[in-house]
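Please read the structure below before turning to the comments.
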Protein chains: 2
Amino acid sequence: MPRSATRRTEGADIDPRDTDLEGFVGYNLKRAYMIVQADFRATLGEGGLSPRVFSALSVCVSHPHITQSELARLIGIERSGLVAIVDELEEKRFLRRVPVPNDRRVQALVPTDAGRAAHGEAVAAIRAHEDRLFADMTGEEKQTLLILLRKIRAREASR
Amino acid sequence: MPRSATRRTEGADIDPRDTDLEGFVGYNLKRAYMIVQADFRATLGEGGLSPRVFSALSVCVSHPHITQSELARLIGIERSGLVAIVDELEEKRFLRRVPVPNDRRVQALVPTDAGRAAHGEAVAAIRAHEDRLFADMTGEEKQTLLILLRKIRAREASR
DNA sequence: TATTGTTATACTCTATAACTATA
DNA sequence: TATAGTTATAGAGTATAACAATA
């Protein structure tokens, strides 16, 4: 059956592959990202950490006493956008803003015990979520994907 | 110089690789996506098509007389969200909402000559943008990336 | 009853600009 | 003059729920 016969208002047999859209990395990147972040949120649940809040907590755990400006740069957002994130983490008692003696402008971010525990649990949940979501990919494929995504990210460093 | 000596409020020598964050596909996906979509917008400029508007136009050009519901499903957004997109494309005279004889509920989307022309120009600009952005990747790497991203997208079909 | 297009609404994420207090 | 944190604000993008018209 020629496609032209069923093209109008039919749609059921439309092959998404024949749009030039499907050939673009950007489009596929967005669709994949939407799926992963939706599943991330579903995994961590209603009161759970959002992707960006988890990212911030994760860096604070790895780099205690990091400043907000450094953290913002590291996770790729503006300083102003970080305020609400740190507010949320501080309200949850997952970290504290600690004054720094030598420079009274900055406030170092220090994870609490509860923060480290919550981080550990989140990491476990997210590992399970990614294992589930990428179950049809081999370990090598996942590694290749990481390498290629980091290659795109490397473009950002030069800005 | 051991890292512990420079850990506090220094930050200049923090290696982003040593956060567990960097090991997650989701995080790398997001960072890469942010870079690509920002460059997309910069490429198409102020009055230019946004990613989602381009996507909609692209599918309309490939599948003239597609309905809004079909289009929404194809590009992975809600019907309600498509209204503003189609409004914008119709205001720009890039497509028209055309009544369908057999079913007066639906309105088929038909690209205009101007719409097809604008689409062609956008495709050329986006190809150049991706060629530039992924200049350090081989053709094979780009192909691999597309395949892996589509593998993630395949998860969505089962919902 | 179900579907199409639509509106109203809210939420998340991000960015810009301007402020303050420090340096 | 410059920087850290902050506030105010606006703009994308998305989703949910409800509605009228039509099937």
Side-chain angles (χ1 to χ4, degrees), chain A residues 9 11-12 26-27 30-31 33-38 40-42 44 46-56 65-90 96-109 156 159, chain B residues 9-12 26-27 30-31 33-38 40-42 44 46-56 65-73 75-90 96-109 156 159:
Chain A
T9 64
Y27 179 71
K30 175 173 186 176
R31 296 296 299 265
Y33 164 64
M34 293 298 291
I35 291 165
V36 174
Q37 68 102 23
F40 181 108
R41 285 174 209 277
L44 295 206
E46 269 300 317
L49 300 174
S50 64
R52 67 187 198 146
V53 174
F54 167 75
S55 296
H65 288 90
I66 193 172
T67 68
Q68 289 191 201
S69 290
E70 286 168 348
L71 173 54
R73 186 179 47 75
L74 219 54
I75 62 177
I77 64 174
E78 290 296 316
R79 277 175 305 154
S80 61
L82 193 62
V83 176
I85 296 172
V86 173
D87 284 350
E88 179 178 333
L89 286 169
E90 206 170 30
R96 286 177 304 132
R97 286 174 164 103
V98 176
V100 172
N102 292 341
D103 188 339
R104 289 190 304 178
R105 291 174 305 180
V106 314
Q107 294 188 274
L109 303 175
E156 192 179 42
R159 286 198 307 175
Chain B
T9 63
E10 188 74 20
Y27 179 70
K30 176 175 185 173
R31 295 296 299 266
Y33 164 65
M34 293 299 290
I35 291 165
V36 174
Q37 67 102 22
F40 181 108
R41 284 174 210 277
L44 294 206
E46 270 300 317
L49 301 174
S50 64
R52 67 188 199 146
V53 174
F54 167 75
S55 296
H65 288 90
I66 193 173
T67 68
Q68 288 191 203
S69 290
E70 286 167 349
L71 174 55
R73 186 179 47 75
I75 62 177
I77 64 175
E78 290 296 316
R79 276 175 305 152
S80 61
L82 192 60
V83 177
I85 296 171
V86 173
D87 284 350
E88 179 178 334
L89 286 169
E90 206 170 29
R96 287 177 304 133
R97 286 173 164 103
V98 175
V100 171
N102 292 341
D103 188 340
R104 287 191 304 178
R105 289 174 305 180
V106 314
Q107 294 188 275
L109 302 176
E156 193 180 41
R159 286 198 308 176

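Per chain, numbering begins at 1; letters A, B, ... match sequence-line order.
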Base contacts versus sugar-phosphate-only contacts with protein, heavy atoms under 4.0 Å: please encode nucleotides 10-20 of chain D as B, S and - from 5' to 3'. --SSBSBB---

Listed pairs under 3.5 Å, donor-acceptor, residues 98-108 of chain B side chains, sequence neighbours left out:
from, atom 1, to, atom 2, distance (Å)
Asp103(B), OD1, Arg105(B), N, 3.0
Asp103(B), OD1, Arg105(B), NE, 3.2
Asp103(B), OD2, Arg105(B), NH2, 3.0

Considering non-hydrogen atoms only, spot the tightest contact between Leu89(B) and Ala56(B) and give its length. CD1-CB, 4.1 Å

Write down the atom of Leu74(A), the atom of Ile66(A), and the distance for their closest heavy-atom approach. CD2-CD1, 4.2 Å

With sequence neighbours excluded, what pairs up with Arg31(B) under the salt bridge (charged side-chain N to carboxylate O under 4.0 Å, His left out) test? Glu156(A)

Residue among Arg96(A), Arg97(A), Glu90(A) satisfying side-chain contact (heavy atoms from CB on, under 4.5 Å) with Leu109(A): Arg97(A)

Residues which pass ring-ring contact (aromatic ring centres under 6.0 Å, His included) with Tyr27(B), listed by chain and number, not counting sequence neighbours: none

Looking at Arg105(A) and dT3(D), is any side-chain donor or acceptor paired with a base atom of the opposite kind under 3.5 Å? yes

Nearest-Å distance for atom pair CG/C1', residues Asp87(A) and dT6(D): 9 Å

Which nucleotide of DNA chain C is the first, and which the last, in the 5' to 3' direction, to come under 4.0 Å of a heavy atom belonging to chain A? dT12(C) to dA23(C)

Closest non-hydrogen contact found for Phe40(A) with Leu49(A) is CE2-O, 3.6 Å

Side-chain donor-acceptor pairs of residues 78-86 of chain A under 3.5 Å, sequence neighbours excluded:
none

